[in-house]
Every structure is written in structure tokens, then in C-alpha cells.
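Notes follow the structure.
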Amino acid sequence: RLRKWQKRIKVSNAAERNLSQALQELERMASNLSIPNDVRETAAVIYRKAVKQNMIRGRSIEGVVAGSIYAACRITNVPRTLDEIASVTRVKKKEIGRTYRIMARYLKLNILPSKPDDYVNRFCSKLRLSMEARKRAEEILKMAVDNDLTSGKGPTGVAAAAIYIASLITGERRTQRAIAEVAGVTEVTIRNRYKELTEKLNLTIEE
Amino acid sequence: MSEMEKITIENIVASTSLAEHLDLSKIALALEGSEYEPEQFPGLIYRLKEPKTAVLIFRSGKVNCTGAKNLENVKKTIDIIIEKLKKASIEVYDNPDIIVHNIVAVYDLESDLNLTDIAMSLGLENVEYEPEQFPGLVYRVEEPKVVLLLFGSGKVVCTGAKEESEIEQAVIKVKKELQKVGLI
DNA sequence: GCTTTAAAAAGTAATGT
DNA sequence: ACATTACTTTCGAAAGC
């Protein structure tokens, strides 16, 4: 009987230790990514749900924390890329993506697929582009979605191309290299999306 | 059998048993070009050029065959392995039962798909669509129990089926579900 | 869970000329 | 700027770590 109590206390201690450790990790990663408090709280709620469902078995605390942050960013419609999340952890991007997908299903998070315009504000801020440029980029993206030009394409690549076009239109030109850097895609991808958007939407860079 | 002809089988995974025990080191010498590195993987790897398949042979006598596009080639592959082992004075069974475990096939819905709309219509609980990670939408069908990968082009990959009929059932099923919600 | 095999889909990435 | 190769996802069996 005494043994049983000791065991319960031990398990409880271990669980508490792991939880506080996880929440510290969450704060560290979130700080490095400049993630706002409400999103951190959402991530913490998701992490606790994962713990309650015994989802840490066979997975690392760090991986689940990373997945929770990725999910929280998606839920609040301000997605970070897997590369960004991976940059503040030792967990590989592939593993974070796998963990996130398992959490989304198992915890029934019902998260909608990310869209290109979810990235516009963040990318444009990093590029120090005007509100006018952001507005232009969003207009282009609406046209792209309405014309079914985004199925299967990476949202960040499509967003990057739209921002590139918008920067040309407003005369605040940013190089493909600079945009590729903040969007985490290659210049080749921006060129491919740029070609498709300008051709299929008949966009002209005058005005 | 209406959709069957439009389904292209790309790969079949099957297994059989050729003996109670096999000496893989001996077989490695008998089969030219085979790879056997027990430290890396317990099975011996052997590739055939015709039919173009790959075989994994284990010391338990179990054998896996992958890469065949039809059942005839699976049988042909196993028969070739049996003949080669016999010529090397290695005793093996004659007509072992072959079990198909997985069939991978491609089908074409011949219509562009809006994967985001499909994800919401089929239900986010039943579907996985993460364009940042993979361009295809993953749809786990429960009956028949197979997995479909839907692409924006309308091409569909089916995997997990053990019989060709399951592929046809699954394909007809998604087609009807997509027609019902007007996304095809 | 991982390791190895084969194969398709379409997008993106890394190298090479 | 192109092309080629490679990797992402799904599936299953095998024996062993």
C-alpha cells in the first residue's frame, strides 16, 4: 500500500517535471520565433491535450512541443513554416511535420489547409513593404485562388511570387533572392509561380 | 469492370516461403549481383532485369517480391529465383503459395481538382491535405481499406489494396462522393 | 519506431551544364 | 536558363535492433 503511494507520487512527479520542462521548451522556442502570447497559450493547451492522450509515447517532448507550436500558429491563421520551427529545435522538419499531422488527426484539431495569404503580412513585414504592396499581393492571391491556381502548390511559394509581383507594381522592387530568403523557398520556385500567375491571370507590371 | 481498364497497376508487393531455412551467404555467392549486408538489413537483395523486379530473401526462407506490375510477373520472378537456387544445389519448395500484400495503382478522374474544397467536403477528420509538405491529398478509405492520394490534376494513386477489385471499388467510391458534392 | 525494396502522383530542392 | 537527379507522401511483408 505504501509502495503504491510511492509509485503514484513518483509518476506524478515525473509527469509534473516533464510538463514544466515541456512548457519551458515551448517558451524558449516561441521567444526565438517571436510568437505572441495568445498563440503560445494555444500551443500549451494543445500540448496538454497531447499529454492527456498519451501522445508522447515513442516521441520526444521537443518534437511534440514543436508540433504544438506549428499547430497553434496554423489555428490562429499566422502559420510559421516548418523550416522556421525547425530552426529553433534539433528536431528535423520531417519529424515535426509527421508529429503535427498525427496530432491534428488524433486530437481532432480540424485545422484548415494553410493558404498563401496567411503568409503575406509576415513576409511583407520582414521585407519592409508598404501596406499598398500587401494589399496588391492579397488581390493577386484572391485571383489565384478563384482561378484554381493553387491546388497542390506550396502556399509559401505562391505567396512569395504574389509579393514579388506586388513589389514590382508598387515600385518597391525586392529581389527574388530577398523574397526567397524570407519565404524559405528557392528563386526557381518564385520564377515558376511568377510565370504561372502572370500568364494565367494576364497580369501586367505597368501601372 | 467499367473502370478497371482505366486503372494502371504500377507495383505489387507479395511474399512466399521457399524453405524452412536458407543460407544467405551461400545464396549471395550463387546470385550474381545480389547485395547482402546483414549489419544494414537482414534480407538479401536481388534484382531481376526481366521482369524488372526486386526480391528480398530472408534466412527464415521467406521471400518478398516487389516491383511487378501484374501477378504473372510475380509468379515468373519467384520461379526464376527457385530455378537459380536449384541450380546452385540449394533445396527449395516447388510451387509455394504466393500472397499479395499490397497493390499500387494509378487512376485518372480526368478533371482538375480543388483539393482545399475536397478536404472540407470529405471532412477534415478523414482527410489530410498539407500542400507545404506534399502536393497530394491523403484520403484513408475505410471500406475497402485503402489509401488514396488525390492530386490537383485529377490523377489518383491507390495503395494498400490486396485485390484489384478493391482498387476499383475505392475509385468508384471517391468518384461518386466527389460528384455528389459537385467537386468533379 | 528504424533499417530495405519498388512504384506512381506533382511540387520543390539541389546539382550540373 | 535549362536539365537531371533526388527527396517529400501513401502501403505492405520480411528479421532484427
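Convention: sequence-line order gives letters A, B, ...; per-chain numbering from 1. Every value quoted in this text rests on a predicted model; they were computed, and no experiment measured them.
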Among C/dT5, D/dT9, D/dG12, the nucleotide that comes nearest once only the side chain of B/Ala54 is considered: C/dT5
Test log, rule salt bridge (charged side-chain N to carboxylate O under 4.0 Å, His left out), inputs A/Glu84 and A/Arg122: CA-CA 12 Å; A/Glu84 290 177 295; A/Arg122 215 156 49 77; 2.9 Å; yes
Any donor-acceptor N/O pair, A/Arg28 side chain to A/Val88 backbone, under 3.5 Å: yes
Sugar-phosphate, base or nothing in reach of A/Arg59, heavy atoms under 4.0 Å: nothing
Contact nearer the 5' end of DNA chain C, comparing A/Glu95 with B/Thr159: A/Glu95
Between P of D/dA14 and CG of B/Leu56, the distance in whole Å: 12 Å
Side chains of B/Val156 and B/Asp108 in contact at under 4.5 Å (non-hydrogen atoms): no
Under 4.0 Å protein heavy-atom contact, by nucleotide of nucleotides 10-17 of chain C - B base, S sugar-phosphate only: BSSSS---
Nucleotide nearest A/Arg101 (side chain, heavy atoms from C-beta), chosen from C/dA8, D/dT9, C/dA6: D/dT9
Residue met sooner reading DNA chain C from 5', once B/Arg47 and A/Arg98 are mapped to nucleotides: A/Arg98
Whole angstrom value for the distance that separates P of D/dT9 from CG of B/Leu115: 17 Å
Stepwise salt bridge (charged side-chain N to carboxylate O under 4.0 Å, His left out) test for A/Glu27 and A/Arg40: CA-CA 7 Å; A/Glu27 281 303 315; A/Arg40 300 185 191 195; 2.8 Å; yes
B/Val146 or B/Lys62, whichever maps to the more 5' nucleotide of DNA chain D: B/Val146
Nearest-Å distance for atom pair OH/C1', residues B/Tyr129 and D/dT9: 13 Å
Rounded distance in Å between the P positions of D/dA1 and C/dA9: 27 Å
Candidate nucleotides D/dG12, D/dA15, D/dT10, ranked by approach to the side chain of B/Leu149 - the nearest: D/dT10
Between D/dT9 and C/dT12 - C1' atom distance, rounded Å: 13 Å
For atom CD1 of B/Ile45 and atom C1' of D/dA14, their distance in whole Å: 12 Å
Heavy-atom side-chain contact between B/Leu137 and B/Ile118 under 4.5 Å: yes
Partner nucleotide of C/dT5 by Watson-Crick or wobble geometry (both distances under 3.5 Å): D/dA13
Sugar-phosphate, base or nothing in reach of B/Val147, heavy atoms under 4.0 Å: sugar-phosphate
Distance below 4.0 Å between B/Lys52 side-chain N/O and C/dA7 OP1 or OP2: yes
Value in whole Å for how far the C1' atom of C/dT5 lies from CD1 of B/Ile12: 15 Å
Between A/Tyr164 and A/Glu187: side-chain donor-acceptor atoms closer than 3.5 Å: no
Rounded distance in Å - CG (B/Asn102) to P (C/dA8): 14 Å
Distance between C1' atoms of D/dA3 and C/dA7 (Å, rounded): 23 Å
Side chain to side chain contact (heavy atoms under 4.5 Å, CB included) partner of B/Val92, chosen from B/Val63, B/Ile81, B/Ile82: B/Ile82
Touch class at under 4.0 angstrom, heavy-atom based, for A/Arg57 against every strand present: nothing
Integer-rounded Å distance: C/dA7 P and B/Lys69 NZ: 6 Å
Gap between atoms CD and P, on B/Glu10 and D/dC11 respectively (whole Å): 18 Å
Upstream residue (5' side of DNA chain D) when A/Lys195 and B/Asn64 are each assigned their closest nucleotide: A/Lys195
side-chain contact (heavy atoms from CB on, under 4.5 Å) assessment of B/Thr116 paired with B/Tyr129: CA-CA 8 Å; B/Thr116 300; B/Tyr129 174 48; 3.7 Å; yes
